[in-house]
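Each chain gets a letter, A, B and so on, in the order the sequences are listed, and its residues count up from 1.
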Protein chains: 2
Amino acid sequence: MVAPKVEDYLKSIYRLQDRDTPAMTAEVAAAMGVKPPTVTAMLQRMADDGLVHYQRYQGARLTERGEKGALKVLRNHRLLELFLTEELGYDWAEVHDEADVLEHHLSVTLVERIEVLLGSPAVDPHGEPIPTADLEIRECETQQSLAECQEGTVAVVSEVRESSADVLSYLANSGISLGTELEVVETAPFGMITCEVRTTEKPLSLPTDVAAEIYVSRPAEPAENERRQYNEA
Amino acid sequence: MVAPKVEDYLKSIYRLQDRDTPAMTAEVAAAMGVKPPTVTAMLQRMADDGLVHYQRYQGARLTERGEKGALKVLRNHRLLELFLTEELGYDWAEVHDEADVLEHHLSVTLVERIEVLLGSPAVDPHGEPIPTADLEIRECETQQSLAECQEGTVAVVSEVRESSADVLSYLANSGISLGTELEVVETAPFGMITCEVRTTEKPLSLPTDVAAEIYVSRPAEPAENERRQYNEA
DNA sequence: GCTTTTGTTTAGACGTATCTAAATCATGTT
DNA sequence: AACATGATTTAGATACGTCTAAACAAAAGC
Ligand SMILES: [Mn+2]
Ligand SMILES: [Mn+2]
Ligand SMILES: [Mn+2]
Ligand SMILES: [Mn+2]
């Protein structure tokens, strides 16, 4: 129904738009790796198809239909990522590119079977929530960005968002995966944060923009918060 | 490198061309579900790209490169079909359409991992040979079409070629799968063949065009001819 | 408030994949 | 050998997704 490229635009707009601010042409162009006129043309077509609300010079925001489309692709993407790690031995740094292609080509049946095989998982290998079959996002609990933690905070990694394969590999090699316990030992005044990784006992310094994509939650609330952990190269 | 649509044309031409006869425009059009002018345009572009030898009014045959391309897609297709049956509970009637889409979107890495997971299988769920990683087809042994068998022949189903989902379902419901032993009990003069299915003890009548797609080999050669059997609805 | 800068859109183009209608070629029949 | 038939190709059109160059609008600066 919706073309692969259009689905990728839906995802980009979904990530870029905000309660109050729509996704602007230049942002979408950057996210999609195309030039602004391409985006303008695309947004006009998507508006005709009822996928976005669009007014010239004002950016775009998803319609109801557009948001459903975005969530469907996100669901496919995240289920695929988990499938690749669980069933085919991929690690969390490799799965993104593969999933970004395949996400557009799964039949409803196949998605269902993958979901069943994985046991209706709640989150993907990066801790990002997997939309349900009826395209609801179970928004996650008490999470906080590592970049916002005070010195002395002890917390558990629950999500690593929007990171490149390089960064994900580096983090894995530094002992960081979902469930890893960290203590913030220093926040430097020039945009760097240093933690101690509990499993390795080693310190790890990260620039704020990397730390901003790492989300943590309070440690050791026993049970109830069931979650898996994967990778490690 | 090669676009999905082009890959499907490669597959069609591969199936249609013969030692002496090239794939003709009308045949390709029928196979691809498009109109002849579309095929002409495509063949001209593919000739420019070095995928086929093409002369106006004379049809097309694959170049070396074109054949490699066709075999790559066939390999992806058949590995996927087997993966879907083995790992995701599909049966042999369902896998074709799914594989026909996904075959164009697998990375080299993913194909390798699927192949390893399946244990470097020789044939797909329909008994069709899976090209090796270096795109060789191990052409199969002593196989014969069921349509050419004499009355009284006892043989084992080793391949079911080019059949629709409906036909495959019917055959499965009739007790036919890879490895099923059959005895030809009658060949009627109006294009029908009747077999007894050894596992069910039931007779089964098939029109010649269906029987022509079923390949059998001599039964009970112990070992050496290792092969799996699947499905059954 | 006018002007510069920046971001956005229009204009015009191209490659892919498809169509219909019309022209053309190849061939088998008389 | 000319002709009729059927298959094939050309011509001309459309939709998608992309680009560059040029025109234009909104925001920021003075
Ligand atoms: Mn994608
Ligand atoms: Mn992810
Ligand atoms: Mn295909
Ligand atoms: Mn098959």
Task: Within residues 110-120 of chain A or reaching into it, pairs that qualify as salt bridge (charged side-chain N to carboxylate O under 4.0 Å, His left out) - sequence neighbours excluded - done: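 Listed by first then second residue: A:R75-A:E115, A:R113-B:E94.
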Task: All side-chain contact (heavy atoms from CB on, under 4.5 Å) counterparts of A:D166, not counting sequence neighbours - done: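 By the side-chain contact (heavy atoms from CB on, under 4.5 Å) rule, A:D166 matches A:S164.
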Open item on the list: According to side-chain contact (heavy atoms from CB on, under 4.5 Å), who are the partners of B:A212, at least two apart in sequence or on a separate chain?
Closed with: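 Testing B:A212 for side-chain contact (heavy atoms from CB on, under 4.5 Å), a comparison that skips the adjacent residues, returns B:S145, B:A147.
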Restricting to salt bridge (charged side-chain N to carboxylate O under 4.0 Å, His left out), what partner residues turn up for [X], sequence neighbours left out?
| X | value |
| --- | --- |
| A:E27 | none |
| A:E128 | A:R78 |
| B:R161 | B:E159 |

Which pairs would a plain distance check flag for residues 37-44 of chain A, meaning a side-chain donor or acceptor within less than 3.5 Å of a matching protein atom at least two apart in sequence or in another chain?
from, atom 1, to, atom 2, distance (Å)
A:T38, OG1, A:K35, O, 3.4
A:T40, OG1, A:P36, O, 3.4

Can I get a per-line list of side-chain donor-acceptor pairs under 3.5 Å for residues 2-25 of chain A, giving both atom names and the distance, sequence neighbours left out?
from, atom 1, to, atom 2, distance (Å)
A:E7, OE1, A:H104, ND1, 2.7
A:E7, OE2, A:K72, NZ, 3.1
A:D8, OD1, A:H104, NE2, 3.0
A:D8, OD2, A:H104, NE2, 3.4
A:K11, NZ, A:D100, OD1, 2.7
A:K11, NZ, A:E103, OE1, 3.0
A:K11, NZ, A:E103, OE2, 2.9
A:S12, OG, A:D8, O, 3.4
A:Q17, OE1, A:L62, N, 2.9

Open item on the list: Below 4.0 Å from chain A heavy atoms, what is the first contacting nucleotide of DNA chain D and what is the last?
Closed with: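 Going 5' to 3' along DNA chain D, contacts run D:dC16 to D:dA25.
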TODO: Decide whether B:S158 and B:Q143 meet the rule of one side-chain donor and one side-chain acceptor closer than 3.5 Å.
DONE: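 Yes, because at least one side-chain N or O of B:S158 sits under 3.5 Å from a partner of the opposite role on B:Q143.
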- [ ] Assign a letter to each nucleotide of nucleotides 10-23 of chain C from its 5' end: B, base within under 4.0 Å of a protein heavy atom; S, sugar-phosphate only; -, no contact.
- [x] B-----SSBBBB--
Task: Contact list for DNA chain D against residues 14-27 of chain B - heavy-atom distance below 4.0 Å - done: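 Of all residues in residues 14-27 of chain B, the ones placing a heavy atom under 4.0 Å from DNA chain D are B:M24, B:T25, B:A26.
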Open item on the list: Under the rule for ring-ring contact (aromatic ring centres under 6.0 Å, His included), what residues qualify as partners of A:H53, not counting sequence neighbours?
Closed with: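 A:H53: no ring-ring contact (aromatic ring centres under 6.0 Å, His included) contacts found.
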